[in-house]
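Report on the structure given below.
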Amino acid sequence: MTTKVTLDMEKCCGYGICAEICPSVFKLDDQGFVYVDSNVVPEGEVDAAQEAADACPELVIDLHTS
Ligand code: SF4
């Protein structure tokens, strides 16, 4: 199974909560907005990535497993 992340960037307000919870997946750019190096979430990071998605106040982060 592969888990992929989609970001609805227009909604990101740069709170940085995602990067605090799961820094190996969610990075912040110079302006504090989220980005990912890869949209594939490493297996061991899926729970943390989901926690980050649930914690995002703007619901920017969507995870899909297939
Ligand atoms: S928690 Fe949500 S709004 Fe905040 S930086 Fe991460 S994706 Fe953007």
Side-chain angles (χ1 to χ4, degrees):
M1 289 217 293
T2 303
T3 299
K4 291 187 178 178
V5 58
T6 307
L7 301 174
D8 188 351
M9 285 304 302
E10 288 185 9
K11 291 195 213 161
C12 179
C13 293
Y15 298 108
I17 299 166
C18 54
E20 276 179 34
I21 295 174
C22 187
S24 64
V25 173
F26 302 107
K27 319 281 185 183
L28 300 179
D29 68 15
D30 292 346
Q31 298 181 342
F33 296 114
V34 69
Y35 71 93
V36 290
D37 287 328
S38 164
N39 72 337
V40 176
V41 179
E43 219 166 284
E45 297 293 333
V46 172
D47 286 350
Q50 185 62 60
E51 194 184 326
D54 292 344
C56 174
E58 303 295 333
L59 304 178
V60 171
I61 302 165
D62 201 17
L63 297 180
H64 315 263
T65 300
S66 57

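Numbering of ligands and ligand atoms starts at 1, following listing order.
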Result of checking Thr6, Val5, Val25 against Asn39 for side chain to side chain contact (heavy atoms under 4.5 Å, CB included):
Val5

Heavy-atom neighbours of Lys27 NZ exceed 12 at 6.0 Å
yes

Is there a continuous path of hydrophobic side-chain contacts, each under 4.5 Å between heavy atoms, that joins Val36 to Leu63?
yes

Identify, by atom number and element, the atoms of ligand 1 in contact range of Val34, meaning under 4.0 Å from any of its heavy atoms.
7 (S)

What residue and heavy atom of the protein are closest to atom 8 (Fe) of ligand 1, and at what distance?
Cys12 SG, 2.4 Å

Identify the protein heavy atom lying closest to atom 2 (Fe) of ligand 1, giving its residue, its atom name and the separation to 0.1 Å.
Cys56 SG, 2.2 Å

Closest non-hydrogen protein atom to atom 1 (S) of ligand 1, residue and atom name please, with distance?
Cys18 N, 3.4 Å

One finds that the ligand 1 atoms under 4.0 Å from a non-hydrogen atom of Ile17 are 1 (S)

Atoms of ligand 1 close to Gly16 [distance to a heavy atom under 4.0 angstrom, numbered from 1]
4 (Fe), 5 (S)

How does Cys13 reach ligand 1, by side chain, by backbone, by both or by neither, if only non-hydrogen atoms under 4.0 Å count?
backbone

When every non-hydrogen atom of Cys18 is compared with those of Val34, the smallest separation belongs to SG-CG2, 3.7 Å

Apply side chain to side chain contact (heavy atoms under 4.5 Å, CB included) to residues Phe26 and Leu7 and explain how you reach the verdict.
CA-CA 10 Å; Phe26 302 107; Leu7 301 174; 4.2 Å; yes

Do Glu45 and Cys22 have side chains that approach each other closer than 4.5 Å (heavy atoms only, starting at C-beta)?
yes

